[in-house]
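Both ligands and their constituent atoms are indexed starting at 1 by order of listing. Here the structure is a predicted model, which is why all the values come from computation and not from measurement.
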Amino acid sequence: MVRINDHYLKLKAGYLFPEIARRVNAFAEANPEAAVIRLGIGDVTEPLPEACRTAMTQAIEDMGDRSRFKGYGPEQGYGWLREKIAAQDFQSRGCPVDASEIFISDGSKCDCGNILDILGSDNRIAVTDPVYPVYVDTNVMAGNTGDGNDRGEYDGLRYLPISAENNFTATIPSEPVDLIYLCFPNNPTGAVASREHLQAWVDYARSHGSLILFDAAYEAYITDPAIPHSIYEIPGARDCAIEFRSFSKNAGFTGTRCAFTVVPKTLTGKTIDGQIVELWGLWNRRQSTKFNGGSYIVQRGAEAVYSPAGQSQIQALIQFYLENAAIVRQQLTAAGFSVYGGVNAPYVWVKTPQGLSSWDFFDQLLQRCHVVGTPGSGFGSAGEGYFRISAFNSRANVEEAMQRITKEF
Ligand code: MLT
């Protein structure tokens with residue numbers, strides 16, 4: 001009989017968001033009259049920007065014309081998109097990123113997991129606690145951890161607690177780690193990292209030969225001009241960091257699928273016998289073998305994000321969700337909740353009231369208010385007693401949800 005990947009059996013619960021969906025669906029089935037408002041998963045609700053839709057419509061027309069039809073595209077993504085990303089997302093901020101170092105994909109979540117293909121299985125790995133669960137679960141699946149305990153922590157991972165006491169930015173470990181996951185603006189806490197904090201990580205990584213996996217999927221939500229948008233704004237980062245970016249949260253592409261990963265050509269790792277190898281070549285080989293590039297139509301849509309019209313339309317979208325976040329913050333603060341994040345990020349991180357556990361608050365919110373959020377403990381044991389509220393919803397739903405919550409709690 002076929003053997004399975006036993007590491008999957010170490011995974012603790014279902015993946016967080018399907019588990020939430022399961023509970024919400026059960027509630028909705030039992031209470032069909034309840035108007036449930038979903039502020040759980042960070043999924044966008046507003047329509048795609050017009051500039052993107054126009055470009056995709058044109059691209060569909062291209063596909064219907066023999067002379068403009070596209071078959072397989074480059075596995076790395078089309079040059080015209082990679083050039084625009086390099087110029088407008090990086091070089092305009094003084095980051096020396098070349099178009100050839102940008103790999104277009106169908107999602108940052110996939111890339112965060114896929115990157116493990118090119119890394120060894122004996123790295124010492126650090127994650128924050130709480131953390132975006134994909135970083136942990138993909139390492140479990142790859143066999144990079146031991147078993148999990150009742151708190152959902154896995155042997156072999158180094159957990160760096162983040163809390164209000166350290167502004168939700170991890171203290172740099174005293175011992176060496178090889179692989180470090182950082183996410184800023186942070187999912188789930190909505191915290192941002194100062195230039196000094198990122199510089200300290202880059203200095204640490206360079207002195208230990210570590211690799212930082214920097215998830216910047218929410219960078220577009222940074223409003224404070226002092227906060228870096230990219231790890232490559234930090235001197236030395238080209239020698240120690242891979243960055244993940246997405247069109248999901250800035251341009252509403254969660255259902256359309258487009259993202260990219262930056263792998264600088266200056267990054268290296270070592271083989272088991274100490275030989276130095278460039279990571280770019282490995283990732284290029286991996287993508288060329290296992291991926292056929294993103295869809296032409298979708299990449300044309302992503303390209304339109306960089307047009308003047310696209311830029312102003314995505315700014316309006318981001319502003320809209322940030323205003324939702326501000327409403328959540330204001331209303332919950334006025335009702336006596338302790339709230340964090342939600343200023344340079346679309347997530348508000350809330351202390352649960354009356355000492356409730358994260359899942360108890362989740363259940364009460366669902367039963368009493370018909371509002372869905374995400375239990376903080378689903379992001380790690382240090383998230384216990386917290387709750388994440390997403391600003392991705394219509395204004396009417398956010399206002400209605402806040403009214404219901406502040407009336408009940
Ligand atoms: C979240 O809610 O944390 C996000 O939707 C996760 C994701 O983008 O994959």
Side-chain angles (χ1 to χ4, degrees), residues 11 13-24 36-46 48 105-116 127-139 141 152 162 168 181-192 213-221 243-261 302 317-318 321-322 324-325 328 340-342 344-350 358-359 362 365-366 371-380 382-383 386-393 397-398 401:
L11 291 166
Y15 180 60
L16 177 61
F17 295 106
E19 173 59 20
I20 290 171
R22 195 187 60 73
R23 292 189 187 212
V24 174
V36 176
I37 299 178
R38 292 161 203 259
L39 305 177
I41 191 164
D43 193 6
V44 295
T45 54
E46 300 309 296
L48 282 179
S105 75
D106 58 352
S108 265
K109 178 158 107 172
C110 331
D111 283 354
C112 284
N114 291 338
I115 200 74
L116 295 177
V127 293
T128 63
D129 180 6
V131 69
Y132 178 41
V134 170
Y135 313 148
V136 171
D137 286 4
T138 53
N139 274 290
M141 292 169 174
I162 54 173
F168 301 99
Y181 287 85
L182 295 179
C183 175
F184 289 112
N186 187 250
N187 181 9
T189 65
V192 284
L213 296 179
F214 191 75
D215 184 348
Y218 300 93
E219 63 76 33
Y221 289 82
E243 182 164 307
F244 302 102
R245 290 276 189 110
S246 173
F247 292 99
S248 285
K249 315 292 161 117
N250 63 348
F253 273 46
T254 54
T256 309
R257 311 305 306 149
C258 198
F260 59 92
T261 290
L317 270 182
I318 293 159
Y321 291 126
L322 280 175
N324 280 351
V328 172
Y340 306 93
N344 293 286
Y347 295 127
V348 181
W349 188 243
V350 184
S358 299
W359 276 110
F362 172 91
L365 214 55
L366 184 57
V371 172
V372 181
T374 309
S377 56
F379 297 100
Y386 287 90
F387 201 72
R388 192 193 76 176
I389 295 186
S390 155
F392 293 115
N393 214 311
N397 274 350
V398 167

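Classified by interplanar angle (parallel below 30°, tilted 30° to 60°, perpendicular above 60°), the ring pair Y321/Y221 is tilted.
If you number the atoms of ligand 1 from 1 as listed, the ones under 4.0 Å from a heavy atom of K249 come out as 4 (C), 5 (O), 7 (C), 8 (O). Per-residue contacts place N187 under 4.0 angstrom from the following atoms of ligand 1 (heavy atoms of the residue considered): 1 (C), 3 (O). If you number the atoms of ligand 1 from 1 as listed, the ones under 4.0 Å from a heavy atom of R388 come out as 1 (C), 2 (O), 3 (O). Proximity to F17 (heavy-atom distance under 4.0 Å) selects the following atoms of ligand 1: 1 (C), 2 (O), 3 (O).
Ring pair Y347/Y218: centre-to-centre distance below 6.0 Å.
Look at I41 and you'll find a heavy atom under 4.0 Å from some atom of ligand 1.
The shortest N or O to N or O distance between Y132 and ligand 1 is under 3.5 Å. Residue-to-ligand polar distances keep F379 apart from ligand 1: every N/O pair is separated by 3.5 Å or more.
The two residues W349 and G376 come nearest to each other via the heavy atoms CH2-CA, 3.5 Å. Pairing each heavy atom of F392 with each of D43, the nearest pair is CB-O, 3.2 Å.
In the model, N186 has no side-chain atom that pairs as donor or acceptor with a side-chain atom of Y340 under 3.5 Å.
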> Passes side chain to side chain donor-acceptor pair (under 3.5 Å), R388 versus N187? Steps please.
Replying inline: CA-CA 9 Å; R388 192 193 76 176; N187 181 9; 2.6 Å; yes
